[in-house]
Amino acid sequence: MLWGCIELGKVLVTAAWPYINHIPHLGNLLPILSADVIARYYRLKGEETLFVSGSDEHGTPIEVEAIRQNISPKELTDRNHEIVSLLFKKWAISFDNYTRTESEVHKEFVRNVMLSLEKNGYIFVKEDELPYCERCQRFLPDRFIEGKCPYCGYERARGDQCEQCGRLLEPIKLIEPKCTVCGEKPTVKIAKHWYFDMPKFADKLLAYIEGNKRLPENARNFSLNLLKEGLRPRPITRDNKWGIPAPFAGAENKTIYVWFDAVLGYVSATIEYFKKHGDGDRWREYWFDKNARILYFIGKDNIPFHTLILPALLMATHEDYNLPWNVCTNEWLIFAGQKSSKSRRVGIWIDEALEMFPVDYWRYTLIAIRPETKDSDFTWKVFIEKVNADLNDTLGNFIHRTLKFINTYFDSAIPDPMDLDSLDKNMLSTIIEKVKAVDELLENCQLQAALREAIELSRIGNKYLNERKPWETIKLNPQVAANTLYVSAQIVKALSVILEPFIPITIRKLREILSLSEKFSWDDAYKPLPPGHKIKKAEPLFTKVRFSEEDLQSMLEKIRERTEKISYEDFSKVDIRVGRIVEAEAVPGAQNLLKLLIDVGDSLKTAVAGIAKHYRPEDLKGRYVAVVVNLRPRQVFGIESEVMILAAEDEGKIVLLEPSEPVRPGSRVR
RNA sequence: AGCGGGGUAGGGCAGCCAGGUUAGCCCGCCGGGCUCAUAACCCGGAGGUCGGAGGUUCAAAUCCUCCCCCCGCUACCA
C-alpha cells in the first residue's frame, strides 16, 4: 500500500472540540478518548506526534445557557473550560495542547483566514428575503415555522417538509404559517449575510475524497453523496453577539458561524502549541509538509464539516494545507436504549463516572464497546461484564498468577530458559504475531478490534499456563517450570507495552512491578525480559465490581444528589422576596429577553429575564413573582439586571412562580 | 420522502466488498477438569432456517430485486 512507504512522518492527532455549554457525557468523550489511544500509540511507535483539541465555546446554545445561569457567555465558558480541562487530565487524555476558541491565537487565525478567503474571491454578500418573527426578533430557520401543508392539509407541517405526506416544502408556501416558538405569523425581512462559495471547490473536493482511500466507508459515501447532490454556498456569518467578530467591511455586528470558527481550531491549536514552546514556525511542518499525517476523531454527525467544509476552507486560502489524512468516526453511545439527555437525566457524565470507578475501567469499557459500525448501548450489565470478565479475570489474573509464581518460586527473578520445546517456541512467536496484529489494527483505527486482540493474548497466556502446569513441573522438573514462566513473563512484558494506549494508569503500575522504565517504545514489546531481571512483589491490578446493576444506578444517583446538595448556610444566603411586576417590555435585539421593573417592597428593581418566548409583556404587568434580590448585578444585553425572577422549566417550557394569593411585595420567601 | 449506516444464537460482535469444508469470537447458561492465581483459569456442550420474500448460481450470511424494522444526516438548533 502507498501509505506503507511513509516512514517516521509527523502525526497530528485531533479530536472534535467539545461544545462546553455543559460538561461532556461519556458519548461526547468517545472521539477524544479514541484520539488519545491513537496519539499514545503513535508516540510509542516513535512518530513525532502532536495531539490537540480545545473547547468550542461560541454560538447560540452557549448564549442560551449563560442567560439561563444569569452570567455572561465568557464567564460560563471560562468556568466550564477550566472544569473540562481538569477532567480531561483525570481521564489521562494526553493532550499536547488543549486550548479554546476564545484564545487570542485562534481568534486572530480565524480572522486572517476569513480575510484571505475574501481576498481570494470566495466570499460574497447576499441579501435574502427570509421569514422573520417580529415577536421573537429573529430570523426563523425552516424548522421553526409550522403551518398547513398545501398538498395534504396536514396542520403541523414544518417549513422544510410535511411529515404527513413527506413532500418538501418552502416556508412561504405554507397556509397560515406560524413561528413555532411564539405562534406569531412570520413576516419577511431582508437578511444580509456573507457566504462562502463552496461550489467553487466541488471538483477539487471530489478529487480529494476519491483520492483518499483511507477514509472510512461511511464518511466517504456520505461525502460523495453530498457532492453528487451539489454543494451550496454557505452563509459564514451570524447575527449572534457571542463569537468571533466577522472581519468583513460592513459586517460589524456579525460574528463568524461557530462551525467555521471551531473547525479552524485544529490549525490554531497547533500554532499556539509551537508559540508556547518558542518554536514559532514549526507548526508548518504539520500543516504543509506532505509527509505529515493529520487524523481527525469525530462523531458521525460531524462528517461533512471535516471531509468537505474544512478541506474547502483550507483550499480557499491558496496555501496548500494538508487535507485530512483520515477521519475516524464513531456512531453514538446510547444508555440503556436511550439517547443521553441532560434534562431527562439519561446518561453518565465524565465527572460522575470517575467518582465511581478508576479511569482505566472506563477507558477499557468505552473502547471495548466503542460504537464503530452502529450505535452501541451502555448498560451497567455491560460495564460489570467488561471489567470483571475481561480486565480482572482474564487480563488481571493472568498477569497476577504469572508474577506471583515468579515471586514465590524463582525469588522474583525472571527464570533462565533452557531447551525450550516447540510449544514454548510457538508461544514466543505468537506473542510477536499478536503484537503485530494489534499494531496493524491501531494503524487502521480499529480500536475495538485492537483491544480485543490484546486481551486475547492474555487469554492465550492463561491457556498456556493451564497446559504447562508449572505448579506440577516445579516439583518434577524445575527447568520445565522455569521455561514456562520465562515465556509467560514475556507475554506480560508485551502486554505492558501494547495496552498502554488503552489503560495507561494501570500500565504505569504494572511496569513499576516489572521494574521496567516508564519510558518505552512499541518495539519494546518484542524485546524479552532478560533472565535474572528482578521484579517486585505482584499486586492485583484490578478488583471486581461487586455491585449489582441496581446498586450502581443508585450509586450514580447518590453522586448526583450530593453534587447538587447545598448547605443550609448556602441556602440562607439567597434572599428571595415576593415582587410585583410594574412594567415589562421586550429587549431590542434580543430574541428571548424581557426587561422587567419589579416592586420588591422597599424599591423598584430591574430584571432582564429570558422568558420572552413564553410570556408577552402585557400579560406580566401586575403579576406577583418570586424574585432573588441579592444577586450581584449583571449586564445583560447592555442593561443592568439587578434581580432575578424565579421560574420552573419543563422541557423548554418556562412557567413563573407566583404566590397562591397576593402578599405584600417584599415579603421574604424561605 | 431522499441519502448513508445497521438488522448474524439470551446479550455484545466478526465474516459480506474478491460466493464454496460442520457460520466463527466474547459474555451468559449447562457439564467436566485443575488448584499457581483475585470463587480466578482450562476443556466440552446446548443454543442461530445469518430481518422478510423472491431471483442469479452446481453452491449465498456473502451477488441482484422488492419489502419491513432501528439509527443518523438532509446544511442559518455546534
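Chain letters run A, B, ... following the sequence lines, proteins first and then strands; every chain starts at 1. All values derive from a computational prediction rather than experimental measurement.
Between B/rU62 and B/rG20, the two C1' atoms lie 11 Å apart (nearest whole Å). Annotation: B/rC17 and B/rG54 have their C1' atoms spaced 23 Å apart (nearest Å). Only the P atoms considered, B/rG10 is 8 Å distant from B/rU49, to the nearest whole Å. If you take atom C1' in B/rG47 and the same atom in B/rC69, they sit 24 Å apart, rounded to whole Å. Going from the C1' atom of B/rG15 to that of B/rU21 covers 16 Å, rounded to whole Å. Here, B/rG6 and B/rA14 have their C1' atoms 14 Å apart, quoted to the whole Å. Between B/rG44 and B/rC67, the two P atoms lie 46 Å apart (nearest whole Å). Of the P atoms belonging to B/rC26 and B/rC42, the separation is 10 Å, rounded to the nearest Å.
Both A/Glu539 and A/Tyr257 lie near RNA chain B, and the one whose nearest nucleotide falls closer to the 5' end is A/Glu539. Comparing A/Asp377 and A/Arg401 by the nucleotide of RNA chain B whose heavy atom lies nearest to each, the residue mapping closer to the 5' end is A/Asp377.
Taking 4.0 Å as the cut-off between side-chain N and carboxylate O, A/Arg100 and A/Glu57 count as a salt-bridged pair. For the pair A/Lys107 and A/Asp261, the salt-bridge criterion is not met [side-chain N within less than 4.0 Å of a carboxylate O]. Using a cut-off of 4.0 Å between Lys/Arg side-chain N and Asp/Glu carboxylate O, A/Glu453 and A/Lys434 are scored as salt-bridged. With respect to the salt-bridge test (charged N to carboxylate O, under 4.0 angstrom), the residues A/Glu372 and A/Arg370 qualify.
Nucleotide B/rG31 forms a Watson-Crick or G-U wobble pair with B/rC43, both donor-acceptor distances falling under 3.5 Å. Remark: B/rC16 base-pairs with no nucleotide in the shown strands. Criterion, Watson-Crick or G-U wobble with two distances under 3.5 Å. Partner assigned to B/rU62 is none, using Watson-Crick or G-U wobble distances below 3.5 angstrom. Base pairing annotation: B/rU56 forms no Watson-Crick or G-U wobble pair, as no partner gives both donor-acceptor distances under 3.5 Å. Under the Watson-Crick or G-U wobble criterion, with both distances below 3.5 Å, B/rA1 is paired with B/rU74. Nucleotide B/rU22 has no partner under the Watson-Crick or G-U criteria, as no pair reaches both atom distances under 3.5 Å.
Counting non-hydrogen atoms under 4.0 angstrom, A/Asn392 reaches a base of the nucleic acid. Note on A/Leu541: a base of the nucleic acid sits closer than 4.0 angstrom, heavy atoms only. Heavy atoms of A/Ser376 sit under 4.0 angstrom from primed sugar atoms or phosphate atoms, though from no base atom. Among the protein residues, A/Pro235 comes within range of the nucleic acid bases, having at least one heavy atom under 4.0 Å from a base atom.
One can place CD1 of A/Ile334 at 20 Å from P of B/rG5, the figure rounded to the nearest angstrom. Rounded to whole angstrom, the span from the CZ atom of A/Phe383 across to the P atom of B/rG28 amounts to 16 Å. Separating the CG atom of A/Leu476 from the P atom of B/rC36 is a distance of 13 Å, rounded to the nearest angstrom. For A/Glu331 and B/rC70, the CD to C1' distance is 12 Å, given to the nearest whole Å. Rounded to whole angstrom, the span from the CG atom of A/Leu403 across to the C1' atom of B/rA37 amounts to 11 Å. One interatomic measurement links the two molecules: CD1 of A/Ile455 to P of B/rC41, which rounds to 13 Å at whole-angstrom precision. What separates CD of A/Glu63 from P of B/rC77 is a distance of 13 Å, to the nearest Å. The interatomic distance linking A/Gln448 (CD) with B/rC13 (P) rounds to 7 Å, in whole Å.
Partner of A/Trp362 under the ring pair (Phe, Tyr, Trp, His ring centres under 6.0 Å) criterion, chosen from A/Phe502, A/Phe383, A/Trp349: A/Phe383.
Note that NZ of A/Lys404 and OG1 of A/Thr402 are 13.0 Å apart. Values are rounded to the nearest 0.5 Å.
Of the candidate nucleotides B/rU38, B/rC13, B/rA75, B/rU38 has the atom lying nearest to any side-chain atom of A/Lys404. Distances from the side chain of A/Asp390 to the nucleotides B/rC26, B/rU38, B/rG72 place B/rC26 closest. Closest contact between the side chain of A/Glu472 and the listed nucleotides B/rC42, B/rU35, B/rA37 involves B/rU35. The side chain of A/Asn397 lies closest to B/rA40 when the candidates are B/rA40, B/rU38, B/rC76. Minimum atom distance to the side chain of A/Glu385 is reached by B/rG11, of the listed B/rG11, B/rG72, B/rA40. Proximity note for A/Arg232 (side chain, C-beta onward) versus B/rA40, B/rA75, B/rC43: the nearest is B/rA75.
Judged by the 6.0 Å distance and 45° axis criteria, A/Arg234 is not positioned over the aromatic ring of A/Phe196.
Listed pair A/Lys381 / B/rG12 fails the phosphate criterion, with no side-chain N or O lying under 4.0 Å from OP1 or OP2. The phosphate of B/rU35 (OP1 or OP2) has no side-chain N or O of A/Lys469 nearer than 4.0 angstrom.
Stacking between A/Trp471 and B/rC36 is present: the aromatic ring centre lies within less than 5.5 angstrom of the base six-membered ring centre, and the two planes differ by under 30 degrees.
Classified by interplanar angle (parallel below 30°, tilted 30° to 60°, perpendicular above 60°), the ring pair A/Tyr195/A/Phe124 is parallel.
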